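Notes for the one structure printed next.
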Amino acid sequence: MILSGAYEISRNLQPVASAFRGLHVEDTRMLQRTLVSTLVKESLVILLAGTVLGGFLNQGLIRASMNGELLTRIGQRQMADLKEKAAHIPFVELKEARRLFNERTAIFVDARSSADYRESHIQGARGLPLVSLIQNRRLAEAIIPDKSARYIVYCSGEGCDLSVELAKELLSLGYSNVEVLGEGYPAWLAAGYPVEPSR
Amino acid sequence: MEDSSKQYICLAFRLLIGGMFLWAGAEKILKPFEFSVAIYNYRLFPGPVIGLAAAILPWVEAIAGLCLLVGFNTKGAAAITSLLLLVFTGLIIISAVRGLDIDCGCFGGVERTVGLQAILEDVLLLIVSVAVVAFEKTPLKAHVLFRNLFRKMIPGRIER
């Protein structure tokens with residue numbers, strides 16, 4: 001794409017340049033061909049060198065990505081980072097969250113944007129976007145008035161820290177029993193657990 | 001503008017892009033797994049693509065950056081940096097539109113969130129990089145050296 005783009009640039013620039021230099025159209029065409037040929041050859045040398053070196057020195061990474069292990073390791077790393085960020089806030093496992101959902105002993109709180117919440121959320125979850133709460137801290141009491149209830153906060157998975165940040169906000173507002181579902185909404189959905197609007 | 005002034009400006013552009021790509025590539029070469037996490041965060045690519053990109057892309061970046069710095073294969077290197085900047089800008093725009101609040105993973109150790117500022121910076125770098133493709137005139141080229149070396153190794157080869 002860039003080669004054809006560069007070719008176009010050179011084609012547009014050459015007539016102007018040749019007018020100054022007194023070159024004929026045939027000369028400019030030859031220059032264009034030389035430029036494209038140079039670009040292709042030089043780019044290929046670099047791409048080949050990068051592919052050989054990178055492929056040879058990162059065989060483990062490539063193998064892990066082919067057998068799916070890389071995604072598992074990325075998930076684990078992100079969960080570890082999230083827990084480190086959460087400090088003292090407890091996390092709840094997906095299956096445990098499902099058990100609490102069935103027993104109706106916990107209230108789920110969606111920390112994602114209003115648009116994401118409207119699109120789909122855990123069945124019965126309350127939508128409390130972190131951004132909205134920061135703008136209006138009274139919003140929490142309007143949406144989840146009982147400060148002693150058990151709350152499970154979630155967002156878009158291990159790579160998302162909205163749930164942890166919302167949990168911190170809720171704790172600072174006096175909510176005493178707040179946990180984070182680290183795997184978030186994608187894992188809940190992938191497990192086939194109830195969502196609404198139902199899918 | 002005089003040809004010599006244009007070449008000085010081009011040299012400055014070349015060194016800027018070369019330095020940035022060498023730095024960015026070297027940081028990622030040292031931490032390939034961290035780079036794979038950054039690619040994963042875009043939530044656009046399957047696992048095998050993430051692994052291959054994390055393994056190869058940093059080396060391509062670093063080699064292209066080094067070539068630009070030392071004046072070796074400069075047009076090809078600038079073409080590659082332009083292509084990469086085009087892809088990065090596209091990815092950042094897509095992620096910004098999707099509302100992702102993630103680090104772009106452009107430079108290791110520097111937090112650069114996906115957004116308007118990152119898009120404008122990348123577009124500016126893309127213009128600089130394309131200018132190097134269009135106007136750079138460094139005579140030292142790898143494929144010419146390889147060709148001459150090849151001719152020396154096989155003396156009987158007919159010169160064209």
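Each chain gets a letter, A, B and so on, in the order its sequence line appears, and its residues count up from 1. Only a predicted model underlies this, so the values are computations on that prediction, with no experimental measurement involved.
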Using 0.5 Å steps for rounding, measure from the [atom1] atom of [X] to the [atom2] atom of [Y].
| X | Y | atom1 | atom2 | answer |
| --- | --- | --- | --- | --- |
| A:I46 | B:I63 | CD1 | CD1 | 8.0 Å |
| A:I74 | B:E34 | CD1 | CD | 10.5 Å |
| A:N58 | B:F35 | CG | CZ | 11.0 Å |
| B:S36 | A:L71 | OG | CG | 9.0 Å |
| A:L39 | B:L83 | CG | CG | 11.5 Å |
| A:C160 | B:R43 | SG | CZ | 8.5 Å |

In terms of hydrophobic clustering (I, L, V, M, F, W, Y; side-chain heavy atoms under 4.5 Å; direct or indirect links), are [X] and [Y] co-clustered?
| X | Y | value |
| --- | --- | --- |
| B:F33 | B:Y42 | yes |
| B:L30 | A:L61 | no |
| A:I122 | A:V109 | no |
| A:L48 | B:L84 | no |
| A:Y185 | A:V153 | no |

Check your understanding: When you look at CD of A:E141, are more than 12 heavy atoms from neighbouring residues, nucleotides or ligands closer to it than 6.0 Å?
Key -> no
Check your understanding: Taking atom CD of A:Q123 as the centre, does the number of heavy atoms from other residues, nucleotides or ligands within less than 6.0 Å exceed 12?
Key ->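 Yes - once you tally the heavy atoms of other residues, nucleotides and ligands closer than 6.0 Å, there are more than 12.
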Which atoms of [X] are under 4.5 Å from chain B, going by heavy atoms: the side chain, the backbone, both sets, or neither?
| X | value |
| --- | --- |
| A:L57 | side chain |
| A:R63 | neither |
| A:L47 | both |
| A:S156 | backbone |
| A:Q59 | neither |

Practice item. Work out which heavy atom in B:A79 is nearest to a heavy atom in A:S43; give both atom names and the distance. Key: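 Nearest pair, atom of B:A79 first, then A:S43: CB-OG, 3.9 Å.
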Check your understanding: Relative to chain B, which of A:M66, A:R73, A:E69, A:R77 shows the most heavy atom pairs under 4.5 Å?
Key ->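 Maximum pair count with chain B is reached by A:R77.
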Exercise for review: Identify which of A:D116, A:L162, A:L53 forms the greatest number of heavy-atom pairs closer than 4.5 Å to chain B.
Suggested key: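 When all of A:D116, A:L162, A:L53 are compared, A:L53 has the most.
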Would you say the side chain of [Y] lies within less than 4.5 Å of the side chain of [X], judging by non-hydrogen atoms?
| X | Y | answer |
| --- | --- | --- |
| B:I80 | A:E42 | no |
| A:S65 | B:I50 | no |
| A:L70 | B:Y40 | no |

Point to revise | disulfide bond (SG atoms under 2.5 Å apart) pairs, two or more places apart, involving residues 47-78 of chain B | key: none
Check your understanding: Pick from B:A55, B:G47, B:G51: which one has the most heavy-atom pairs with chain A under 4.5 Å?
Key ->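 The candidate making the most pairs under 4.5 Å is B:A55.
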